[in-house]
Amino acid sequence: MRYWLMKSEPDVYSIDDLARDGSTIWEGVRNYQARNFMRDDMQVGDRVLFYHSNAAPPGVAGVATIHRTAYPDDTAWDPKNHYFDETCPPGEPRWLRVDVAFEAKLPAVVALDALKANPALDGMLVTKRGQRLSVQPVSEAHFAEVLRMAGLAG
DNA sequence: GCCAACGTTGGC
DNA sequence: GCCAACGTTGGC
């Protein structure tokens with residue numbers, strides 16, 4: 001099993017939305033590195049830190065699990081969709097999505113500044129300045145440490 | 001709203 | 001293949 005961090009703007013889709021829906025389609029990823037992680041490495045049952053970006057404060061808000069492995073993101077072909085990619089050839093899926101299921105909402109957001117201040121999380125990608133990747137691998141130790149910070153056993 | 005950091009594009 | 005210009009991300 002692998003561990004991930006996935007970013008969402010809570011104004012667009014928050015951990016509360018995921019709790020309400022039970023699961024969601026994680027579409028709109030338009031970055032090759034993030035896509036490759038989804039395509040090559042994500043497996044059903046992998047666990048995900050659900051991260052609120054562009055939030056006050058930004059930080060980890062919940063836990064989710066991968067519910068379905070990567071499949072074509074057909075929003076790329078929909079001109080009316082926000083994530084439309086006019087350069088994406090019909091019939092050649094370039095972008096992928098996965099399905100993500102709700103696991104838990106953290107009792108409180110583990111804020112980015114708390115992540116950065118924790119030496120046990122040295123090297124965690126999200127704590128690095130300028131790190132914009134919306135789908136990031138997380139080590140098992142870092143994943144467990146974030147849950148511990150949230151007051152959860154894991 | 002600002003702007004630094006980053007990924008992508010396109011001229012050469 | 002270099003790199004300047006551009007658009008986007010995301011913390012602040």
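The structure displayed is predicted, hence computed values, not measured ones. Convention: sequence-line order gives letters A, B, ...; per-chain numbering from 1.
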Should the pair Arg35(A) and Phe37(A) be classed as cation-pi, given the thresholds of under 6.0 Å to the six-membered ring centre and 45° from the axis? no
Between [atom2] on [N] and [atom1] on [X], what's the gap in Å once rounded to a whole number?
X         : N       : atom1 : atom2 : answer
Leu112(A) : dT9(C)  : CG    : C1'   : 14 Å
Lys128(A) : dG10(C) : NZ    : P     : 16 Å
Asp11(A)  : dG10(C) : CG    : C1'   : 13 Å
His52(A)  : dG11(C) : NE2   : C1'   : 16 Å
His82(A)  : dT9(C)  : NE2   : C1'   : 12 Å
Met6(A)   : dT9(C)  : CE    : C1'   : 16 Å

With a cut-off of less than 4.0 Å, is there a side-chain N or O of Lys7(A) near OP1 or OP2 of dT9(C)?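 Checking dT9(C) against Lys7(A), no side-chain N or O comes under 4.0 Å of OP1 or OP2.
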Any side-chain N or O of Tyr51(A) below 4.0 angstrom from OP1/OP2 of dG11(C)? yes
Salt bridge flag under 4.0 Å for residues Asp113(A) and Lys116(A):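 Salt bridge: no.
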For every nucleotide of nucleotides 1-8 of chain B, 5' to 3': is a protein heavy atom under 4.0 Å from its base (B), only from its sugar-phosphate (S), or from neither (-)? ---SBBSS
Compute whether any side-chain donor of one residue and acceptor of the other, for Ser134(A) and Arg30(A), lie under 3.5 angstrom apart.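 Side-chain D/A pair, Ser134(A) to Arg30(A): absent.
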Using only heavy-atom distances, determine whether the side chains of Trp95(A) and Asp85(A) contain a donor-acceptor pair under 3.5 Å. yes
Could you state the interatomic distance from CD (Gln33(A)) to CZ (Arg132(A)), rounded to the nearest 0.5 Å? 11.0 Å
What is the nucleic acid contact for Lys116(A), judged by heavy atoms within less than 4.0 Å: base, sugar-phosphate only, or nothing?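 Sugar-phosphate contact only - Lys116(A) comes under 4.0 Å of backbone atoms but never of a base.
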Test log, rule salt bridge (Lys or Arg N to Asp or Glu O under 4.0 Å), inputs Arg94(A) and Asp73(A): CA-CA 8 Å; Arg94(A) 170 182 304 164; Asp73(A) 183 353; over 6 Å; no
